[in-house]
Amino acid sequence: MGIEKVYNARQVEAEWLERWGEKDLFKSVPDHRTPYTIVIPPPNVTGILHMGHMLNNTIQDILIRRARLRDFNVCWVPGTDHASIATEAKVVKMLRDQGITKSDISREKFLDHAWEWTNKHGGLILNQLKRIGCSCDWTRTKFTLDEDLSDSVIDTFIRLFDEGYLYRDKKIVNWDPEAKTTLSNEEVIYKEEETELYYLKYKIVGSNDYLSIATTRPETIFGDTAVAVNPNDKRYKKLKNKKLIVPIVNREIPIVFDDSVEIDFGTGCLKVTPAHSEKDFLIGKKHNLEIIDVFNDDASLNEHAMDFAGKDRFKVKKEIIEKLNDEGLISKIENYNHNIALSERTSCVVEPKLSLQWFVKMKELAKPALDAVLSGEVKFHPKKYINVYRNWMENIRDWNISRQLYWGHRIPVFYLKTDNSKFVVAKNIKEALKKFKSKFDNHDITIKDLIQDDDVLDTWFSSWLWPISVFDGVREPENEDINYYYPTSDIVTGPDILFFWIARMIISGYYFRGKKPFNNVYFTGLVRDEKGRKMSKQLGNSPDPIELIENYGADGVRIGLLFSAPAGNDLLFDTKLCEQGKNFSNKIWNAFRLINGFETSNEKDQELHEIAAIKWFNEELNLKINAINNAFDKFKISEALMITYKLVWDDFCSTFLEIVKPKFGEKISQKTITEINLLFNKILSILHPFMPFISSEIQSKFIHKDQNLEWPKSRNADNKIIGNFEHVNELITKVRNFKKTNSIGFKDSIKIYYQNKILDGQLKSVLEKLTNCELIQSKKNESSKMNSILVGKHNYFIESDKKLSEADILKVKEDLDYNIGFKNILEKKLSNKKFVDNAPNQVIENEKKKLDDINSKISSLENKLNSLSN
RNA sequence: GGGCGCUUAGCUCAGUUGGUUCAGAGCACUUGGUUUACACCCAAGGGGUCGGGGGUUCGAAUCCCUCAGCGCCCACCA
């Protein structure tokens with residue numbers, strides 16, 4: 001027949017990609033059903049797919065597809081992020097390669113290049129998402145710089161300003177000298193590094209003495225405008241009203257007393273550089289000190305640095321040390337472990353810099369968002385991130401949102417050219433002019449007198465609106481989409497953007513709509529390599545997802561990733577798991593091949609073992625569906641997958657199909673075939689969220705095309721049916737073992753005598769089929785000269801010429817001893833008054849039951865031993 | 001410095017309120033197998049003082065204390 005022996009993922013997936021490529025296929029519009037909504041964490045528009053995306057989006061697709069099978073109105077909104085700083089860095093580099101410097105061209109020209117770049121490279125990642133099977137509503141694809149989303153950002157800015165949540169202030173901020181922009185605190189990462197602590201000698205004016213001052217940054221001495229000591233530091237009380245000479249610079253600076261200085265650090269003296277440290281800035285403000293900025297935008301030294309002007313900060317540091325050393329002005333150099341601040345994007349050392357920026361007042365905004373998570377209104381999976389979130393939210397600091405970049409949403413603030421302390425916030429320059437006229441009561445102003453802020457907004461200032469703005473809920477707060485789809489159901493992301501994104505979305509959700517943006521947050525782990533190392537370009541340990549898909553199939557990789565991904569834990573990715581996924585695809589494929597090849601007979605009645613298998617598998621299926629649903633409810637997706645995996649492989653293939661499959665050349669009754677098909681269809685449905693390609697393929701090729709994939713309903717399983725079947729299964733294993741140890745061939749028939757009532761005709765039929773044995777119900781104990789098998793507390797006797805060996809007898813003896821020991825423990829426990837008084841009845845009942853079982857087991861073992869030694 | 005989490009089989013991890021289902025799963029490993037769907041397979045098997053120590057309890061992987069190791073987040077000192 002036409003079905004290949006080995007599943008050809010590449011071919012099948014190619015066909016399905018084409019079918020799923022239809023734009024409208026996963027389109028969602030509001031209707032009477034309950035919505036199930038996810039907004040994608042928008043990847044960088046020029047990004048390429050990595051393993052993190054693969055994991056993240058596979059999980060989303062699983063949730064989405066399951067919801068679709070459950071007949072929710074499913075809406076998965078895809079899109080991309082303009083990623084202000086990351087994209088701008090790429091464009092700057094591209095221009096540099098062409099010999100163009102950013103500062104040489106106009107803003108407009110630069111943006112032309114950036115759009116060109118975006119149009120060329122953008123959206124690639126969305127196509128890659130399709131390769132892994134993502135079933136997004138592609139008609140809703142959004143980009144954070146689209147007109148509607150940009151409008152939303154600007155509207156938001158204006159509203160926040162009008163309501164008093166935005167302010168402009170001169171503060172010490174994080175400066176990225178490579179990208180030449182400020183960064184938010186979240187965009188700075190700290191790394192421990194061994195550096196030196198230099199003890200510099202500052203001459204005391206009017207004396208030949210020097211004051212020793214410890215610093216890690218000798219290159220900033222040009223900006224020193226004081227030295228501070230703690231007022232309680234007895235050593236320096238005598239220095240009141242004295243002045244010091246800054247080495248090299250030879251400038252006189254005062255000594256100030258400030259209790260923020262730590263007495264125990266270094267010499268207890270702090271050189272104060274208000275332009276280059278937050279702490280120094282605060283001291284400077286308090287004591288009214290002069291502020292001298294010594295750096296250019298690229299962190300080279302400026303004119304204040306005298307001979308060192310124009311040189312890079314690290315170079316200057318070296319040279320200053322040399323010079324100070326030559327002049328005998330260094331008293332000591334110590335090794336010192338120090339956290340250096342690095343830019344998340346460019347990895348260069350961040351410079352604290354005093355500058356005028358826009359900030360969002362966060363404290364008040366954060367409150368409802370904090371409460372929502374603490375009260376469980378918004379649920380985190382796993383829960384451990386609640387504390388991390390709380391810790392951050394309780395200590396939240398104002399958010400610096402201006403960036404000195406071109407690529408992004410330009411800040412909608414318009415200043416008077418002649419006096420930039422006068423400004424208005426407005427949608428465009430016309431509006432601005434109107435506002436200016438009324439605000440400053442000056443009707444002579446024209447558009448030419450105004451200038452818009454040069455800066456753009458932090459990327460996350462648009463991302464935090466994502467769940468609202470993709471449904472146009474900022475501009476049209478009462479539109480049908482936003483009212484239907486918001487709050488969204490779940491969001492899936494890595495914990496690394498908990499503060500960048502998740503926290504801020506919750507904040508903005510409550511602020512702009514008074515409602516949470518989503519019910520559940522699922523945090524994936526970090527994808528690491530099989531040795532636990534982070535995936536990185538340098539190590540070359542980051543596999544290309546597309547290449548993996550080519551090798552193992554998208555289904556195989558999806559499964560492989562999830563096999564190793566318990567919620568929230570980092571996962572150690574190993575291609576071996578994809579191999580397992582691929583094998584699983586093949587297993588499913590072959591089950592299909594088998595079932596598809598069954599030949600029907602209209603005359604034939606159902607065999608007893610077929611009825612037994614169907615009866616049992618129905619129960620087992622209910623049991624497993626409940627377990628899978630339960631796992632999904634708790635967002636334990638790997639667990640849901642593992643249950644599915646075992647259900648398919650062990651229960652359906654190894655057990656169920658082995659029973660129902662006809663002997664060579666035989667046919668199956670129509671009734672059985674129909675029931676098998678029904679069951680297989682349910683199996684495919686459960687598999688579908690995890691493995692959409694193969695399940696769709698088989699379902700479409702299936703004879704019974706009228707059965708659609710839908711998430712199977714379940715009820716409580718009948719434990720008696722399952723229990724009896726398990727009893728039979730255990731007996732089968734033991735019979736097989738018996739045959740094996742006694743070198744009885746697989747096809748050789750043996751006779752088994754039994755007395756219990758568990759085995760009805762159907763189960764007997766199962767046993768006979770799988771073990772080639774003849775089951776005979778006997779009235780009296782047939783134990784003599786027979787080998788016994790104990791299953792639960794029931795004995796089975798096998799007729800066999802073979803006598804058990806000495807070793808076997810020894811084994812029985814050991815078994816007996818063990819059980820007698822166990823019996824003693826149980827009896828002791830049950831005669832313990834404290835136990836009987838305190839333990840719940842159920843526990844005691846159970847212990848008694850155990851004792852019963854043990855007793856019957858012991859007597860049967862004794863019987864066996866007797867018969868053997870006769 | 002402040003906060004959080006982890007340590008269970010060779011590996012990766014499950015183990016809800018202490019007691020039925022508690023010592024589990026997958027992979028790996030060992031042994032046997034050309035059983036007409038699948039060797040990308042089948043059948044069977046071995047393997048753990050639940051990080052160490054102490055405590056509470058009739059009973060602890062589970063609760064408390066303590067020690068050791070690992071990891072994450074936040075803040076940041078010149």
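As the structure is a computational prediction, the values presented were derived from the model and not from experiment. Below, read A as the first sequence line, B as the second, and so on, with proteins coming before strands; counting in each chain starts at 1.
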Which nucleotides of nucleotides 31-44 of chain B have their base under 4.0 Å from a protein heavy atom (B), which only their sugar-phosphate (S), and which neither (-), written as one string 5' to 3'? B---BBBBSBSSSS

Per-nucleotide protein contact along nucleotides 4-13 of chain B, 5' to 3', at a 4.0 Å heavy-atom cut-off (B base, S sugar-phosphate only, - neither), is S-------SS

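Here A:Arg397 lies in heavy-atom contact (under 4.0 Å) with sugar-phosphate atoms only. Residue A:Val272 is out of contact with every strand shown, counting any heavy-atom pair closer than 4.0 Å. Using a 4.0 Å heavy-atom cutoff across all strands shown, A:Lys663 reaches no nucleic acid atom at all.
Following rounding to the nearest Å, A:Asp574 (CG) and B:A28 (C1') show an atom-to-atom distance of 11 Å. Between A:Glu278 atom CD and B:A75 atom P there is a gap of 11 Å when expressed in whole angstrom units. Spacing between atom CD of A:Glu344 and atom P of B:C74 amounts to 11 Å, rounded to whole angstrom units.
Residues A:Asn391 and A:Ser260 each lie close to RNA chain B; by heavy-atom proximity, the contact nearer the 5' end of the strand is made by A:Asn391. Checking A:Asn185 against A:Ala214, the closest nucleotide of RNA chain B that is more toward the 5' end is the one next to A:Asn185.
Not counting sequence neighbours, the partners of A:Leu342 by the side chain to side chain contact (heavy atoms under 4.5 Å, CB included) test are A:Ile189, A:Lys191, A:Ile340, A:Val349. For A:Asp529, the side chain to side chain contact (heavy atoms under 4.5 Å, CB included) test picks out A:Lys531, A:Arg533, A:Met535, A:Asn541, with sequence neighbours left out. In terms of the side chain to side chain contact (heavy atoms under 4.5 Å, CB included) criterion, residue partners of A:Glu726 (sequence neighbours excluded) are, by chain and number, A:Ile722. Annotation: ring-ring contact (aromatic ring centres under 6.0 Å, His included) contacts of A:Tyr202 (sequence neighbours excluded): none. Considering only residues two or more places apart in sequence or on other chains, A:Tyr199 meets the side chain to side chain donor-acceptor pair (under 3.5 Å) condition with A:Glu334. Partners of A:Asn400 by side chain to side chain contact (heavy atoms under 4.5 Å, CB included), not counting sequence neighbours, listed by chain and number: A:Val173, A:Thr182, A:Gln357, A:Phe359, A:Ser402, A:Arg403. Residues passing the side chain to side chain donor-acceptor pair (under 3.5 Å) test with A:Glu278, sequence neighbours excluded: none.
No side-chain donor-acceptor contact under 3.5 Å links A:Glu186 to the backbone of A:Phe499. Counting only distance, with no hydrogens or angles, the side chain of A:Lys582 and the backbone of A:Gly560 share no donor-acceptor pair below 3.5 Å. Not one N or O on the side chain of A:Trp589 forms a donor-acceptor pair closer than 3.5 Å with the backbone of A:Ala9.
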Can you tabulate the close N/O pairs, meaning under 3.5 Å, that link protein atoms to atoms of nucleotides 56-61 of chain B?
none

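A:Leu197 has its side chain out of reach of A:His338: every pair of non-hydrogen atoms, C-beta onward, lies at least 4.5 Å apart.
The base of B:C76 is paired with the side chain of A:Asn339 by a donor and an acceptor separated by under 3.5 Å.
Residue pairs meeting the side chain to side chain donor-acceptor pair (under 3.5 Å) criterion with at least one partner in residues 639-658 of chain A, sequence neighbours excluded, are A:Gln580-A:Tyr645, A:Lys624-A:Asp651, A:Glu658-A:Lys661.
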So what does the secondary structure string of RNA chain B come out as, 5' to 3', with Watson-Crick or wobble pairs under 3.5 angstrom, [ ] for crossing and | for pairs with another strand? (((((((..((((.....[....)))).(((((.......))))).....(((((..]....))))))))))))....

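Residue A:Tyr645 places at least one side-chain N or O closer than 4.0 Å to OP1 or OP2 of B:C27.
Nucleotides B:C65 and B:U57, compared at atom C1', are 16 Å apart to the nearest Å. Using atom C1' as the reference point in both B:G48 and B:G10, the two lie 11 Å apart (nearest Å).
Remark: A:Arg217 engages A:Glu351 in a salt bridge, criterion side-chain N to carboxylate O under 4.0 Å.
Here the two rings, on A:Phe617 and A:Phe725, have centers that are 6.0 Å apart or farther.
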